[in-house]
Amino acid sequence: MAYPTDSQGQFCGQKGTPNENKTVLFYFNIFRCTGTSMMLRLQCSTTQICVSRCPERFLTYVDMQILNKEDKNYWEYYRQFCKAQARPVETLADLLSSGDCPLAVYPSRPFLQRCVPDFSAINGNLTLGSRMHFEDGGGQKRTVVELREAASGISDVIDARAIGLKVLEDYSTSWKWILIGLTIAMALSWTFLVLLRFTAGFLFWFFIFGVLGIIGYGIWYCFLEYNSIQQKPQSAIWMYGIGIQTRLNMFFHLKETWFSMMIILSAIEVVIIIVLIFLRTRIQVAIILLKEGSKAIGYLPSALVYPFLTFILLSICISYWAVTAVFLATSGVPIFKVMVPEGECIHEDEACDPEIFPNTDIPKACPGASCNFAFYGGRSMYHNYIATFQLYNLFAFLWLINFVIALGQCALAGAFASYYWAMRKPEDIPRYPLFTAFGRAVRYHTGSLAFGSLILAFVQMFKVIVEYLDRRLKKAQNSAAQFLHCCLRCCFWCLEKMVKFLNRNAYIMIALYGKNFCESTRDAFYLLMRNILKVKVTDEVTYFVLLLGKVLVSGIVGVLAFLLFTERLHEIVEGPTSLNYYWVPFLVRTGDFSDWVIGFGNASVFPGVLKGLEVKIWRGMMGLQRNLTL
């Protein structure tokens, strides 16, 4: 995408090449390009050359010949859209035979460094250079609609480009306010986590009773509607009496609809109440752990900065994978193949040599065929293993990503272990607990973390292979194959979740006791199985409270952003007033993306804290139980 490639496999705009000043790709006959995707893949079955600019006007080769007799500048203008060796020819047949110049050029503009038709709208009509009809240089009359169909949606992409430019303009205008909003979101996230020791129980029970109240109101409203319809004469009509209705609101005039909804809501209400009654003790323990985790973060505020280190390491891994994948994909020599506009030639997709192609029998057997660049590759042993190298690169990427996440989980667990085992807080807590735990994990536990990440990478790699095979064989699948694929996807999904769950707890045990991965996984598994109910309740309560925190932070910043960019706070603070779309900075500032990411980044520390404290408490309780037994 950075450097488009011409029909000879040469990059447009690449420094140190003859095309250094020719940065745009030009298509000889855009009517042979059946769609935008074909153009972006550079496999349009027409000659493609690199030019310094796109044509700005209509001009056919025949018209150029006539005008050039009076003004030689017409050929100088037209030849920049021809091949380098192009020379003026007398007849149209000679031009078609040589293929050195296009039959016609149209007003175009560069998009993604490709010349595409410069469509515009005049009085609601689609035009090209203020025209709706034009000649294609071969004696045929063409319309703008035909050109648009040939380009297959290019005009939509161009319209999207205009919107994209306005969006970028809004970002450049409001970037300072966006940074301020993200800073506020980060501060609110940190404050929320630190204050959980005071608000965890209140938040949980407030929302739980709020849900119960809403469901109760729904039950009462359904009863009122049911009772109101029951007293009407048409209340005897039941659902089977109305048949299939196209209007959904007809069902809300039936008493059985409200009766069914009342029964469903009542069942949900009863289930929630029973769960709360039987699990009230477990919920109280989970809330206590939330408060203790918030207290631990208060003593170790550096843990809130750790997600930035994880983000940097993940960015390095992703960049390395992407760069390696691109270099592998573009390594080799240019491969040329025969391309035919109609696709009805026995020689189509055959390898060819552009130097000798005009002298072969293929142009005679397949009129309109051309020898164009297809991709980079080769026939050496190296090129035969390109796909294998890509798989190896993908596997290494998954392994590195999982290792970075494992390193973070182990480092956080080690840091909060120093907090938990400190008899006097904060006197007995090390000066730099997170830095010390990170160094300890890198020095002593790299092998264990790498082994756990390797197992998870294998599972994820199998998932990727299954998805790839499904996409490649989708059209050829029958019902049995689709069922088998669904089963495989479900099994690998469950296996991945289980491995992630065991790995996370194994890393905590590694940070606590320094054992290898296998022993830590075994100890964590037995410990969790003895407390499976506590684990489930604690995890769900934790994630629920943190979800409320994300919603709270995103909602506060979102409301402030909305008021600021809609100029409803101009009496307090004056924000940017020249935005094309006020929702652009709002999209970044609110619970949309960035605030959600910041909230998640900070909240992602918290489950690790709670899980570490949870494991330490259960471990201590088990040791105490064994001592009492002895």
Side-chain angles (χ1 to χ4, degrees), residues 279 281-283 285-286 288-290 292-293 296 398-399 401-418 420-421 437 440-441 444-463 488-543 604-630:
L279 298 180
T281 304
R282 309 299 183 196
I283 293 175
V285 172
I288 292 173
L289 280 175
L290 279 170
E292 189 65 23
L398 295 175
W399 193 0
I401 290 293
N402 291 321
F403 178 80
V404 170
I405 296 174
L407 181 61
Q409 293 173 344
C410 187
L412 288 173
F416 286 99
S418 62
Y420 180 79
W421 297 117
R440 189 166 55 243
Y444 297 106
H445 307 313
T446 302
S448 297
L449 300 179
F451 184 65
S453 305
L454 177 66
I455 296 175
L456 183 57
F458 272 120
V459 176
Q460 293 173 338
M461 193 65 189
F462 282 122
K463 279 187 61 181
L488 288 175
R489 290 182 60 184
C490 180
C491 291
F492 278 113
W493 182 84
C494 295
L495 183 60
E496 182 184 12
K497 292 295 182 181
M498 183 186 69
V499 172
K500 283 184 177 180
F501 180 75
L502 289 176
N503 280 7
R504 183 181 64 178
N505 291 279
Y507 299 147
I508 295 174
M509 300 297 287
I510 290 172
L512 290 179
Y513 301 103
K515 297 181 180 179
N516 60 45
F517 177 79
C518 295
E519 293 184 13
S520 299
T521 304
R522 181 196 60 193
D523 294 342
F525 178 78
Y526 288 144
L527 181 62
L528 293 172
M529 289 301 102
R530 295 189 188 99
N531 302 273
I532 187 63
L533 186 59
K534 298 177 183 177
V535 172
K536 187 61 177 176
V537 174
T538 303
D539 286 348
E540 294 303 323
V541 173
T542 300
Y543 293 141
S604 63
V605 176
F606 213 70
V609 177
L610 298 178
K611 183 60 65 175
L613 294 175
E614 199 176 357
V615 171
K616 297 177 187 76
I617 292 173
W618 294 340
R619 195 75 177 178
M621 292 173 61
M622 290 175 58
L624 179 61
Q625 184 178 5
R626 283 197 299 268
N627 293 333
L628 292 174
T629 304
L630 294 175

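The first residue of the sequence shown is numbered 1, and numbering continues consecutively from there.
Side-chain contact between Glu496 and Val499 is absent, with no heavy atoms from C-beta onward closer than 4.5 Å. The shortest side-chain heavy-atom distance between Phe517 and Asn503 falls under the 4.5 Å cut-off. Under the 4.5 Å side-chain criterion, counting only non-hydrogen atoms from C-beta, Tyr444 is not in contact with Ile510. Counting only heavy atoms from C-beta outward, the side chains of Asn402 and Gln460 approach each other to under 4.5 Å. Under the 4.5 Å side-chain criterion, counting only non-hydrogen atoms from C-beta, Ile405 is in contact with Gln409.
Taking a 6.0 Å sphere around CZ of Phe451, one finds it holds 12 or fewer heavy atoms contributed by other residues, nucleotides or ligands.
Remark: the backbone N or O of Lys463 is not paired with any side-chain donor or acceptor of Trp493 at under 3.5 angstrom.
Here CD1 of Ile455 is found 10.0 Å from CG of Leu495. Values are rounded to the nearest 0.5 Å. The distance from atom CD1 of Ile508 to atom CG of Leu412, rounded to the nearest 0.5 Å, is 9.5 Å. Atoms OH and OG1, from Tyr507 and Thr521 in turn, are 8.0 Å apart once rounded to the nearest 0.5 Å. For the atom pair NZ (Lys515) and CZ (Arg522), the distance works out to 6.5 Å, reported to the nearest 0.5 Å. Atom CE of residue Met509 and atom CZ of residue Phe525 lie 13.5 Å apart, to the nearest 0.5 angstrom.
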